Structures are given as C-alpha cells and as structure tokens.
Peer 1: 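The structure is given below, and queries will be raised subsequently.
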Amino acid sequence: MIKFKYTPSKLIDESLYQEKIEEARSYVARAQQDDFGGWVDLPKDYDRDEFARIKAAAEKINSDSDYLVCIGIGGSYLGHRAVIEALGGEKGRTKILYTGNSLSPRMLQKVVAELGDKDFSVNVISKSGTTTEPAVAFRIFKQMLINKYGEEEAAKRIYATTDANKGALHDEAAAKGYEMFVVPDNIGGRYSVLTVVGLLAIAVAGIDIDKLMDGALEERAALISDGGAAAEYAAMRNILLEKGYDIEILANFEPQFVQFNEWWKQLFGESEGKEGKGIYPASVVDSTDLHSMGQYIQEGRRALFETFVEVSAEYDGVKVPEFAENLDGLKYLEGKEMDYINKTANAATREAHMAGGVPVLEVVMPDIDERSLGGLIYFFEMSCALSGFTLGVNPFNQPGVEAYKNRMFELLGKPGYEK
C-alpha cells in the first residue's frame with residue numbers, strides 16, 4: 001500500500017490538520033457517486049470481457065507489428081506512457097511511438113522517419129474523433145497504412161478507442177471495421193489510465209495488466225472507507241495552500257518517472273486549476289535537477305512545497321568499484337550500493353530543503369513494479385478528487401481547455417467559428 005508522511009513543523013496546526021482530514025474523508029462517497037466517478041470502483045468492477053479483448057489485441061499487435069503508433073493527447077496518452085516508461089520500457093518486439101499530442105510537423109516527421117519500412121499498427125484514442133491534434137495525425141498515419149497494406153489490411157491494423165455510441169471516430173470505426181474499444185462515459189481522460197485508454201498500449205508493451213489492476217484494487221480497499229492516506233495528503237495540500245504555498249513540486253530520484261510526473265501534472269493541474277483557485281503542479285527528477293532547479297528550491301521564493309515519491313524496496317547489484325588510487329576522491333564510496341547512495345542523496349535533499357524553509361511531504365511506494373504502480377496511480381487519483389472537493393472546485397471537469405481551441409479554430413477559418 002502507499003504511505004503518506006510529513007515532518008511536523010510550526011507551520012502545521014495538528015487540530016486543523018485533523019479537521020481537514022475529516023473533511024477530505026467526507027468526500028469519498030461524493031467522488032464515488034459523481035457522474036465521472038467511475039474510476040473509483042473500476043479496479044473491482046472493470047469489464048472482464050473487454051480485458052480479454054485487450055490481451056488478444058495486444059497479442060495480435062505483437063505478432064504482426066514492430067511498432068504501435070499511439071495517437072492521442074492529454075489523458076489519452078500520458079497515463080500509459082507514464083506506466084510503460086516507469087516500468088523500464090517495452091519488454092518485447094513491439095515498440096510504442098507517440099504522436100497526435102502536438103501540432104509540430106518536426107515531431108510528427110520524426111515518428112514517420114523512425115517507422116521507415118517497418119510493420120506497424122495504430123491505436124487512435126479519441127472520444128469524439130475531432131480533437132485537432134490526434135485527428136490530423138490519424139489522417140496521416142491512416143494514409144500511410146493504406147499506402148503500405150491496402151485499405152482492407154490497413155483496417156485490420158487500426159484499433160479505435162472511442163465513444164460507445166457516437167462521434168466521428170466511432171462512426172468511421174463502425175463503417176470501416178476497425179476493432180473498437182470503448183472510452184467509459186463515466187471516467188474522464190486524466191483518470192482513465194486503468195481503462196482500455198491506457199491498458200491496450202501497456203499490454204502491447206509486455207507489462208502485466210492483471211498485476212497493475214491488482215495493485216489498484218489493493219489501494220482501493222485501503223482508501224474506499226475513509227480516504228486513508230489519500231485524505232491525509234489532500235488535507236495537507238490544502239493547509240499549505242491556505243498558508244501561501246501555491247506551488248507543489250513532485251520530486252523523485254528515478255529518471256524513469258519523468259513521464260509519470262507529466263501524468264501527475266495533468267491530473268492535478270486540470271482538476272484543480274479553475275475559478276481562480278488551485279496549486280500549480282511542477283516536477284523535478286533528482287539528483288539531475290538539483291544541478292539546475294536545486295538553487296531555486298533551496299533559496300528562492302518561499303511559495304513552494306515538495307512531495308517526494310520514494311521507493312521503500314532496495315535495488316541491489318550495482319556497487320561503486322574499488323581502485324588502488326583515489327584520484328576522484330571517491331574512496332569513501334567504494335563497495336557501497338548505488339541504491340544506498342541514491343536514497344542517502346534523497347534524504348539529504350529533503351533535510352536541506354526543509355532547513356531552507358520548504359515544507360516536505362513524502363509518498364512512499366513499496367517498489368517499482370506493476371502492483372506498486374497500480375496502487376500509486378489509484379492513490380493519486382483519489383487524492384486529487386478529495387483535494388479538489390476540499391478546495392471547493394469540481395475535480396472532474398475542465399471548462400478552460402476550450403478557450404485556446406475556439407481562438408485557434410477562428411484563426412484557422414473553421415466554419416462556425418468566425419469572429
């Protein structure tokens with residue numbers, strides 16, 4: 001299970017903290033009953049038949065494709081990319097490429113160049129099928145499939161993850177015979193990583209999706225009655241916000257968590273950043289970023305707090321070699337495990353930043369494996385919902401994301417968006 005810890009300080013009034021925890025706990029049922037709260041019971045109630053179809057599709061893709069091109073933006077790709085990279089990347093033949101998450105021709109051309117003459121399939125993920133970034137990319141890669149395999153075979157290599165009943169992509173998939181998977185109506189994109197939105201690519205990457213769901217189920221059991229550690233984390237975030245700490249930095253000491261940080265930033269940023277409220281989510285990967293952001297965190301404006309994601313398990317097998325000479329001054333590290341050194345650097349960083357006036361929170365996962373990661377995802381989803389409700393906003397909508405689209409459509413001349 002995921003654990004939450006913090007170091008007591010003069011900043012935190014314990015009676016207020018307990019009040020905030022109780023308030024956060026009261027929102028568990030509200031999240032579960034919300035029209036977009038389907039993720040709460042998902043680890044227990046997911047569609048087993050669709051789960052089997054996901055595995056079968058992944059097996060087929062692994063048998064006939066060197067690459068799977070995942071086309072999607074925001075919650076349609078951040079979650080599964082986070083899981084795959086956190087667990088060390090693809091395990092088998094098929095590599096995952098991501099596109100449709102920007103409008104950059106350079107990045108799109110890079111994907112095209114990497115494909116070369118290799119065999120590939122496409123997973124296009126869009127509830128509507130008309131979101132500009134993925135829709136443009138899908139046109140391009142669909143044409144590439146047709147040119148390479150012909151229309152009939154191309155259709156067998158397109159997997160559409162979309163709405164159950166309506167929308168441009170749904171209608172095209174039904175007409176062309178693409179294998180279709182359903183984006184649940186009651187789960188928003190940023191909460192969807194444990195649905196087919198994330199699980200198909202994760203399964204293609206050779207990751208055990210049963211263990212991933214088992215970890216989420218275990219975490220649900222720990223949180224469903226009163227929010228558990230998620231309520232504690234949500235309460236502490238809101239107390240710090242009230243005291244003027246309106247920037248949260250998610251910090252970890254594992255470079256493979258870069259994309260997990262990106263998923264986390266969307267989860268909290270899109271859930272809480274509305275009505276002039278919210279904590280600004282940022283991230284660092286240490287010790288790398290201690291050589292770039294460390295100075296600011298240590299001595300910059302005191303408006304930020306850090307949440308460290310830590311791993312309790314030990315990772316043995318990589319030691320500092322021994323040499324007769326001591327030219328680099330590392331004699332004192334000889335024979336020590338790199339994991340020990342990394343964890344020591346982590347502890348030292350927390351202590352230094354706290355001494356510099358930075359409130360430090362800790363989220364501890366058992367290990368970096370499917371089960372632990374499934375639990376961590378569910379923990380942050382629950383924390384985000386409880387924190388948003390405590391803040392007084394709806395953590396499941398995102399009205400502000402339409403603003404840039406409307407102006408872009410106007411400038412590009414889309415019918416119906418004239419000034």
Side-chain angles (χ1 to χ4, degrees), residues 2-21 24 229-273 276-312 339-365 376 379-380 383-384 386-388 390-391:
I2 306 302
K3 297 179 180 178
F4 171 72
K5 299 191 295 184
Y6 80 99
T7 301
S9 73
K10 294 178 181 178
L11 274 175
I12 309 303
D13 179 275
E14 281 297 322
S15 61
L16 175 61
Y17 180 40
Q18 292 304 317
E19 288 177 16
K20 286 288 188 183
I21 291 174
E232 296 171 10
Y233 173 50
M236 186 60 71
R237 296 179 80 251
N238 278 277
I239 288 175
L240 291 172
L241 176 60
E242 290 173 1
K243 292 185 175 294
Y245 295 90
D246 60 359
I247 300 169
E248 179 177 14
I249 297 178
L250 191 73
N252 56 65
F253 275 71
E254 294 294 341
Q256 64 208 61
F257 270 65
V258 168
Q259 290 301 323
F260 187 90
N261 291 353
E262 295 304 308
W263 171 80
W264 177 87
K265 286 191 285 189
Q266 186 205 3
L267 179 66
F268 280 88
E270 200 168 68
S271 296
E272 291 191 329
K277 300 177 182 179
I279 296 168
Y280 185 82
S283 65
V284 294
V285 175
D286 296 329
S287 61
T288 305
D289 287 339
L290 292 175
H291 296 262
S292 57
M293 292 297 293
Q295 173 62 41
Y296 188 95
I297 296 171
Q298 189 69 44
E299 296 183 349
R301 193 167 62 89
R302 300 295 78 177
L304 59 87
F305 66 97
E306 284 184 287
T307 298
F308 283 77
V309 175
E310 299 167 18
V311 182
S312 57
D339 186 66
Y340 167 76
I341 297 170
N342 196 38
K343 283 184 167 65
T344 302
N346 185 325
T349 301
R350 296 197 311 271
E351 292 175 14
H353 290 177
M354 282 190 285
V358 178
V360 169
L361 314 180
E362 298 173 65
V363 173
V364 184
M365 60 190 299
L376 187 65
F379 170 85
F380 276 128
S383 299
C384 186
L386 302 185
S387 182
T390 302
L391 182 62

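Scope of the values below: all heavy atoms of this structure, side chains included, with no hydrogens, waters or symmetry mates. Just so you know, these numbers come straight off a predicted model, no measurement behind them.
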Peer 1: Which of these, L11, D13, L16, sits in a side-chain contact (heavy atoms from CB on, under 4.5 Å) with I239?
Peer 2: L16
Peer 1: Side chains of D286 and N346: closer than 4.5 Å at any heavy-atom pair?
Peer 2: no
Peer 1: Give the C-alpha distance, both sets of side-chain angles, the deciding distance and a yes or no for side-chain contact (heavy atoms from CB on, under 4.5 Å) between I279 and F305.
Peer 2: CA-CA 10 Å; I279 296 168; F305 66 97; 4.1 Å; yes
Peer 1: Without hydrogens or angle criteria, can the side chains of E299 and Q295 be said to hold a donor-acceptor pair below 3.5 Å?
Peer 2: yes
Peer 1: What are the two closest non-hydrogen atoms of S312 and V364, and how far apart are they?
Peer 2: CB-CG1, 4.0 Å
Peer 1: Flag the pair L250 / V309 as yes when at least one side-chain heavy-atom distance between them is below 4.5 Å, and no otherwise.
Peer 2: yes
Peer 1: In this structure, which one of K265, Q266, Q259 forms a side chain to side chain donor-acceptor pair (under 3.5 Å) with E262?
Peer 2: K265
Peer 1: So, do R301 and I247 sit near enough that their side-chain heavy atoms are less than 4.5 Å apart?
Peer 2: yes
Peer 1: Check whether any side-chain N or O of R237 sits under 3.5 Å from a backbone N or O of C384 as a donor-acceptor pair, and report yes or no.
Peer 2: no
Peer 1: Measure the CG-CZ distance between L376 and F260 for me, rounded to the nearest 0.5 Å.
Peer 2: 4.0 Å
Peer 1: Can you list every salt bridge (charged side-chain N to carboxylate O under 4.0 Å, His left out) pair that touches residues 348-363, not counting sequence neighbours?
Peer 2: K5-E362, E310-R350, R350-E362
Peer 1: Distance check, rounded to the nearest 0.5 Å: T390 atom OG1 versus I21 atom CD1?
Peer 2: 10.5 Å
Peer 1: Can you see which heavy atom on V311 is nearest to which on K343, and at what distance?
Peer 2: O-CE, 3.1 Å
Peer 1: So, using side chain to side chain contact (heavy atoms under 4.5 Å, CB included) as the criterion, who are the partners of Q298 when residues are at least two apart?
Peer 2: A352, H353
Peer 1: For Y6 and Y17, run ring pair (Phe, Tyr, Trp, His ring centres under 6.0 Å): C-alpha distance rounded to whole Å, both residues' side-chain angles, the deciding distance at 0.1 Å, then the answer.
Peer 2: CA-CA 12 Å; Y6 80 99; Y17 180 40; 5.2 Å; yes
Peer 1: Would you say K20's side chain and N238's backbone share a donor-acceptor pair under 3.5 angstrom?
Peer 2: no
Peer 1: In chain order, what residues pass the side-chain hydrogen bond (donor to acceptor under 3.5 Å, both in side chains) check against T307, with sequence neighbours excluded?
Peer 2: E248
Peer 1: Under 30°, 30 to 60°, or over 60°: which ring-plane class applies to F379 and Y233, parallel, tilted or perpendicular?
Peer 2: parallel
Peer 1: side-chain contact (heavy atoms from CB on, under 4.5 Å) between L304 and Y296: does it pass, once the steps are laid out?
Peer 2: CA-CA 10 Å; L304 59 87; Y296 188 95; 3.8 Å; yes
Peer 1: Does some side-chain heavy atom of I12 sit less than 4.5 Å from a side-chain heavy atom of L240?
Peer 2: yes
